[in-house]
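Taking it in order: structure first as structure tokens, then the write-up.
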Amino acid sequence: MVKSVDRALTIIKLVSTKKDGYGVTELASKLELNKSSIFRLLSTLMEHGFIEQDAETKKYRLGYQYLELSSKLLDSIDIRKEAAPYLKELEELTNEVIHLVIYSQKEAVYIEKLEGNETLRMHSQVGKRAPMHCTSAGKTILAYLPEGEVREIINQKGLPPHTDKTITEPDKLMENIKEIRYRGYGIEREENEVGITCIAVPIFNFRGEIAGAISISGPSIRMGEERMNDLKNKFLDIGSRVSRRLGYGGNSGEEV
């Protein structure tokens with residue numbers, strides 16, 4: 001371990017815990033170092049923008065360099081890569097088809113699909129676009145978009161029926177997505193494909209915006225009310241964990 005680097009990082013961690021920052025004397029006491037050593041470390045950190053000094057209190061606090069670095073880190077996060085272990089966990093838990101879906105150009109886009117161990121033929125495939133109004137992932141994403149944007153999607157894309165259970169009336173869809181937002185997850189029962197029922201949870205990015213959704217799809221005969229209830233809490237937890245990997249600080253399913 002390089003002592004000077006260790007001390008500099010310790011200073012950064014300490015300063016980050018106190019909104020008003022620390023003075024040199026306080027830091028020297030906590031680190032059991034003399035003031036001149038602390039001052040040299042602080043001067044170096046200030047030179048690189050990691051620490052700044054309040055002009056009035058003379059105390060030291062985190063510098064804005066951290067905002068720049070954290071922004072670059074968060075922008076570089078690969079949602080597919082971050083979600084991968086959690087999707088696999090769901091696949092092993094359910095043996096059903098698992099989808100990772102994002103929102104692009106007013107449509108849902110499948111960016112990952114795990115087939116599960118059960119035989120199930122679905123139209124979905126990685127890279128394929130899907131309608132928002134009749135898929136569990138699409139409706140879940142709609143639930144966390146601004147209402148004006150949702151209505152714009154409805155106006156531009158319409159609500160064409162895919163089965164006789166597809167919601168085709170705007171007011172009914174708006175009511176449905178309000179329910180999804182209230183409970184924190186979306187359900188689609190044979191609205192997109194006959195015989196297929198899906199449940200989806202939202203995932204959020206570091207800005208608290210909807211980043212996409214994860215869904216579980218299976219034959220309606222296996223995806224009944226009892227099984228949905230059994231999966232619900234674990235599924236919501238998975239959504240929260242993926243969201244945290246994307247930098248989100250809240251809880252999936254809450255008002256954002």
Side-chain angles (χ1 to χ4, degrees), residues 1-90 100 102-103 111-112 141 143-146 181 184 201-214 233-256:
M1 184 181 296
V2 180
K3 284 187 178 181
S4 58
V5 176
D6 179 60
R7 288 167 178 170
L9 293 174
T10 302
I11 286 174
I12 289 168
K13 290 178 182 177
L14 272 174
V15 168
S16 70
T17 63
K18 198 172 180 180
K19 183 179 179 180
D20 297 329
Y22 278 91
V24 173
T25 302
E26 292 176 288
L27 289 170
S29 175
K30 285 187 173 291
L31 273 66
E32 298 181 351
L33 292 171
N34 58 57
K35 291 183 183 180
S36 60
S37 295
I38 294 293
F39 184 76
R40 285 196 299 272
L41 289 166
L42 287 169
S43 296
T44 302
L45 290 169
M46 286 176 66
E47 184 69 25
H48 289 278
F50 291 103
I51 292 289
E52 64 178 31
Q53 187 179 32
D54 188 286
E56 294 182 5
T57 66
K58 304 302 180 184
K59 290 186 177 182
Y60 295 87
R61 60 192 180 195
L62 286 183
Y64 285 98
Q65 181 68 19
Y66 281 99
L67 287 177
E68 183 179 344
L69 290 178
S70 62
S71 177
K72 288 178 180 177
L73 171 63
L74 291 168
D75 285 340
S76 71
I77 289 174
D78 182 340
I79 185 173
R80 193 166 174 263
K81 179 181 178 181
E82 297 298 335
Y86 303 101
L87 301 181
K88 187 64 179 175
E89 184 178 337
L90 276 178
L100 176 61
I102 61 169
Y103 173 59
I111 63 170
E112 186 59 280
I141 292 171
Y144 295 92
L145 290 176
R181 184 162 182 143
V201 291
I203 48 179
F204 302 98
N205 63 23
F206 65 96
R207 298 188 183 93
E209 302 162 339
I210 185 72
I214 300 170
N233 291 334
K234 176 65 175 176
F235 199 21
L236 286 168
D237 178 60
I238 291 282
S240 292
R241 287 156 65 193
V242 174
S243 296
R244 286 197 296 273
R245 292 297 303 168
L246 301 182
Y248 181 56
N251 298 308
S252 287
E254 73 177 13
E255 294 287 327
V256 294

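Throughout, numbering of the chain's residues begins at 1 and tracks the sequence. The structure displayed is predicted, hence computed values, not measured ones. The analysis underlying the following values was restricted to heavy atoms, covering all of them including side chains, and did not include hydrogens, waters or symmetry mates.
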- Taking the six-membered ring for Trp, are F204 and Y144 parallel (under 30°), tilted (30 to 60°) or perpendicular (over 60°)? perpendicular

- Out of curiosity, S43 OG to H48 NE2, how far, rounded to the nearest 0.5 Å? 11.5 Å

- Task: Rounded to the nearest 0.5 Å, what's the gap from CG on D20 to OG1 on T57? Could you check?
- Result: 7.0 Å

- Query: Quick one: are L246 and E82 in side-chain contact, heavy atoms under 4.5 Å?
  - Reply: yes

- Item | R245 and Y86, any side-chain heavy atoms less than 4.5 Å apart | yes

- Going by an N to O cut-off under 4.0 Å, is there a salt bridge joining D54 and R61? yes

- Count the heavy atoms belonging to other residues, nucleotides or ligands that lie under 6.0 Å from NZ of K18, then report whether that count exceeds 12. yes

- Query: How far apart are the closest heavy atoms of L100 and I203, and which atoms are they?
  - Reply: CD1-CD1, 3.8 Å

- Query: Rounded to the nearest 0.5 Å, how far apart are CD1 of I214 and OG of S243?
  - Reply: 7.5 Å

- Side-chain heavy atoms of L42 within contact of L27, under 4.5 Å: yes

- State plainly whether the residues K88 and E112 are in salt-bridge range, i.e. N to O under 4.0 Å. no

- Message: When you compare the side chain of K30 with that of L14, does any pair of heavy atoms fall below 4.5 Å?
- Response: yes

- Item | Pairwise distance CD1(I51) to CE(M46) - rounded to 0.5 angstrom | 9.0 Å

- State, yes or no, whether a side-chain contact exists between I238 and V201 at a heavy-atom distance under 4.5 Å. no

- Task: Answer yes if the side chains of S37 and N34 hold a donor-acceptor pair under 3.5 Å, and no otherwise.
- Result: yes

- Query: Taking all non-hydrogen atoms of both residues, which atom of I141 and which atom of I102 are closest, and how far apart?
  - Reply: CD1-C, 4.1 Å

- Where is the tightest heavy-atom contact between A211 and I79, given as atom of each residue plus distance? O-CD1, 3.9 Å

- CZ on F39 to OH on Y60, rounded to 0.5 Å: 5.0 Å

- Do T10 and L31 pass the side chain to side chain contact (heavy atoms under 4.5 Å, CB included) test, and can you show the C-alpha distance, the side-chain angles, and the key distance before you say yes or no? CA-CA 8 Å; T10 302; L31 273 66; 4.3 Å; yes

- Task: Please examine the side chains of Q53 and K58, heavy atoms only from C-beta on, and report whether any two atoms are closer than 4.5 Å.
- Result: yes

- Query: Are any non-hydrogen side-chain atoms of K3 and D6 less than 4.5 angstrom apart?
  - Reply: no

- Task: Please lay out, stage by stage, how F235 and L90 fare under the test side chain to side chain contact (heavy atoms under 4.5 Å, CB included).
- Result: CA-CA 8 Å; F235 199 21; L90 276 178; 3.4 Å; yes

- Which atom of G21 lies closest to which atom of E26, heavy atoms considered: O-OE1, 4.4 Å

- Flag the pair E89 and K234 as a salt bridge only when some basic side-chain nitrogen lies within less than 4.0 angstrom of an acidic carboxylate oxygen. yes

- Exercise: identify the closest heavy-atom pair between G184 and L236: O-CD2, 3.4 Å

- Query: Between L62 and E52, is a side chain to side chain contact (heavy atoms under 4.5 Å, CB included) present by the stated rule, with each step listed?
  - Reply: CA-CA 6 Å; L62 286 183; E52 64 178 31; over 6 Å; no

- Heavy-atom side-chain proximity of Y22 to T17 below 4.5 angstrom: yes

